[in-house]
Each structure stands twice: as C-alpha cells, then as structure tokens.
Amino acid sequence: MRSMTGFGEGAATTAAGTAKVAVATVNNKSVSIQLRGDLRDLALEERVREQVRAAVVRGSVTVQIAWTPAGIAGLDHARVEAAWRDLSALAARLGAPPPQLAEAI
C-alpha cells in the first residue's frame, strides 16, 4: 500500500462459502491493526494480522471480514447413530439418564 489513507474491498467465493473483506486505513505514526467480523479462529486472525503488517509500514488499519457459508451440510446419519450409541452406553455404565438426540449431533 503506497498511501496511509485509503479504502478497498473484495470478495471471494468457493464451494464452502463467500468471504468479503473491507480494508480502511488512516494516517498514524505507528501500525495499529483492528480486526472485525466473523473470525473466531485465533490462528487465522494472526495470519491476517501478519499479512497486514507485511503490506503496511505505518497507519491505522481496520479490516472487516464477513463469512457466509454456502449452505448447511447434511447430517452424517451413521456418525450421529454411532455417537448416540456410544453416549447411551456411557450413560448406562454411569447410571445416568440416556442422552437426547441433540447431544449426539
């Protein structure tokens, strides 16, 4: 980035979903990076910060990230059934009440 003040946005779509990113920068003596949005993965957040630091020498940078999944994946019925059986067996061994289906998903 050649200027300390600017704005840009972009989007990328894959089979998993769509990521939209907006970046705004303003003049600042040092580098300050603010991340906002759907990031819930600390390792991914740190990778974004590293990429911003590599591109910006100074300035206050705000990065807004929005993630929209492509759709809800179907249930793996065999896996849910196996999990429910395992939870039921464990509950029986412990003398606990049998699990609810939602606990196996």
Side-chain angles (χ1 to χ4, degrees):
M1 181 172 279
R2 296 188 197 315
S3 172
M4 286 179 279
T5 302
F7 177 82
E9 59 184 358
T13 301
T14 68
T18 300
K20 293 182 181 178
V21 178
V23 179
T25 62
V26 294
N27 190 10
N28 195 349
K29 289 183 180 180
S30 61
V31 175
S32 170
I33 302 169
Q34 300 285 328
L35 295 179
R36 296 188 178 134
D38 299 341
L39 291 181
R40 290 183 180 29
D41 181 337
L42 294 177
L44 179 58
E45 183 176 317
E46 186 54 33
R47 285 180 54 201
V48 170
R49 286 182 188 280
E50 287 172 5
Q51 288 187 353
V52 171
R53 276 189 208 101
V56 177
V57 177
R58 58 180 271 201
S60 179
V61 183
T62 301
V63 180
Q64 177 74 39
I65 301 173
W67 171 253
T68 305
I72 298 173
L75 287 178
D76 181 345
H77 294 276
R79 191 170 177 192
V80 172
E81 287 174 19
W84 191 84
R85 279 193 306 272
D86 290 346
L87 288 172
S88 294
L90 180 60
R93 277 196 310 259
L94 297 174
Q100 299 294 316
L101 182 59
E103 294 168 332
I105 297 177

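Since the model is a prediction, treat every value here as computed from it, not as a measurement. Each residue takes its place number in the sequence, starting with 1. Just so it is clear, the values below take in all heavy atoms, side chains as well, and ignore hydrogens, waters and symmetry mates.
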With no hydrogens and no angle check, is any side-chain donor or acceptor of [X] less than 3.5 Å from a backbone partner on [Y]?
X: R49; Y: I33; result: yes
X: S88; Y: P98; result: no
X: R58; Y: N28; result: yes

Do you know which two heavy atoms are closest between [X] and [Y], and how far apart they sit?
X: P99; Y: W84; value: O-NE1, 3.3 Å
X: G37; Y: Q64; value: CA-NE2, 3.7 Å
X: V57; Y: V31; value: O-CG2, 2.9 Å

Are W67 and L44 connected in a single hydrophobic cluster, I mean Ile/Leu/Val/Met/Phe/Trp/Tyr linked by side-chain heavy atoms less than 4.5 Å apart?
no
* Asked: Using links of under 4.5 Å between side-chain heavy atoms of ILVMFWY residues, direct or through other members, which residues join L94 in one cluster?
  ->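 Same cluster as L94: L90.
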List the residues meeting salt bridge (charged side-chain N to carboxylate O under 4.0 Å, His left out) with E50, not counting sequence neighbours, and say none if there are none.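 With neighbours one apart ignored, the set is empty.
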Residue pairs passing the side chain to side chain donor-acceptor pair (under 3.5 Å) test with at least one member in residues 7-17, sequence neighbours excluded, are T13-T18
